[in-house]
Amino acid sequence: SQQGEEDPQALSIQEGENATMNCSYKTSINNLQWYRQNSGRGLVHLILIRSNEREKHSGRLRVTLDTSKKSSSLLITASRAADTASYFCATPQGGSEKLVFGKGTKLTVNP
Amino acid sequence: SQTIHQWPATLVQPVGSPLSLECTVEGTSNPNLYWYRQAAGRGLQLLFYSVGIGQISSEVPQNLSASRPQDRQFILSSKKLLLSDSGFYLCAWSTGLAPYGEQFFGPGTRLTVL
């Protein structure tokens, strides 16, 4: 079953705007990860946030985690056309090495 | 540095034909290895994972099988393909060290069964 569920399913914005994607999950986690997938390519790991962290930054990416609400958000600031991709959240299943992925948010950044 | 290879990149096969997809990892030892399938516009479904040579765990009952003949080689097979086996197949590896962190993905194989 899906652990993480992203929202929205699709997002279209103009270059320079910020993009926010949300992820909800169901069970306790020790970390949550965000991945990016360009069309027809493999996934690339973007950022990992641990359960004892509330916010993490990496370049133009900002991730927040609210364990009380079982939710996370990914913010991409000053978006570029090259940010066009699908973004997935993933959580370890039952503390194991297996990850459970959501269905993803398809982001389109228009030049 | 570590790299992960998958081949072929694309494959078109008739229904009932056999399948063999290969994945190899370089630059690391004793990785955890994973096979995922991604249907069009969907998330990833974990098919198999392996924590060591000859150790395979199946996540979803199906007509696919996996093998790990060497430490850094993971093979996905089928004796007879079904139409429903079409999809994008991704191999991934992780260090296998707790607390479990990120996975690193290969470029994928696009399989079309006709």
Side-chain angles (χ1 to χ4, degrees), chain A residues 1-11 21 23-26 28-53 56 58 61 63 85-108, chain B residues 2-11 21 23-25 30-52 55-60 66 87-112:
Chain A
S1 62
Q2 297 287 353
Q3 166 75 309
E5 292 290 342
E6 292 88 347
D7 167 58
Q9 292 186 352
L11 179 62
M21 288 158 273
C23 169
S24 60
Y25 57 92
K26 298 176 182 176
S28 297
I29 58 172
N30 55 38
N31 70 71
L32 185 143
Q33 304 172 35
W34 284 92
Y35 289 79
R36 165 194 168 126
Q37 183 182 32
N38 285 33
S39 181
R41 307 291 293 275
L43 276 72
V44 175
H45 180 262
L46 294 176
I47 197 164
L48 180 153
I49 186 165
R50 302 200 184 280
S51 59
N52 61 353
E53 298 175 309
K56 201 163 183 179
S58 176
L61 304 181
V63 169
S86 291
Y87 293 82
F88 296 88
C89 67
T91 52
Q93 180 178 329
S96 74
E97 65 280 1
K98 297 180 287 184
L99 289 178
V100 180
F101 287 82
K103 295 181 181 179
T105 293
K106 186 172 184 178
L107 173 66
T108 302
Chain B
Q2 301 89 3
T3 55
I4 177 169
H5 304 278
Q6 280 186 251
W7 65 91
T10 60
L11 191 59
L21 303 181
C23 169
T24 59
V25 180
N30 197 31
N32 283 353
L33 296 172
Y34 311 84
W35 277 113
Y36 292 90
R37 178 169 59 202
Q38 184 178 32
R42 303 289 299 277
L44 276 70
Q45 179 185 38
L46 179 63
L47 301 176
F48 300 94
Y49 77 98
S50 172
V51 299
Q55 301 179 63
I56 309 294
S57 294
S58 174
E59 292 296 297
V60 181
F88 192 49
Y89 288 83
L90 289 158
C91 180
W93 73 273
S94 67
T95 62
L97 301 174
Y100 301 108
E102 62 264 41
Q103 294 183 9
F104 303 92
F105 284 80
T109 294
R110 174 78 56 191
L111 172 65
T112 303

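The sequence lines fix the lettering, A, B, ..., with proteins before strands; numbering per chain opens at 1. Note that the structure is predicted; figures quoted are calculated from it, not measured.
Taking 4.5 Å as the limit, some side-chain heavy atom of B:E102 sits within range of a side-chain heavy atom of A:Y35.
In plain terms, the two heavy atoms of B:F105 and A:L43 that are nearest each other are CB-O, 3.3 Å. The two atoms that bring A:H45 and B:Q103 nearest to each other are CB-O, 4.2 Å, heavy atoms only.
A distance of 6.0 Å separates CZ of B:F88 from CD of A:Q37, quoted to the nearest 0.5 Å. Here the CG atom belonging to A:L99 is positioned 6.5 Å from the OH atom belonging to B:Y34, to the nearest 0.5 angstrom.
With chain B as partner, the option from A:G40, A:A90, A:S86 having the largest number of non-hydrogen pairs under 4.5 angstrom is A:G40.
B:Q38 touches chain A through its side chain: at least one heavy atom from C-beta onward sits under 4.5 Å away, while N, CA, C and O do not. For chain A, the nearby part of B:Y36 is the side chain; its heavy atoms alone come within less than 4.5 Å.
Around atom CD of A:E53, more than 12 heavy atoms belonging to other residues, nucleotides or ligands sit under 6.0 Å away.
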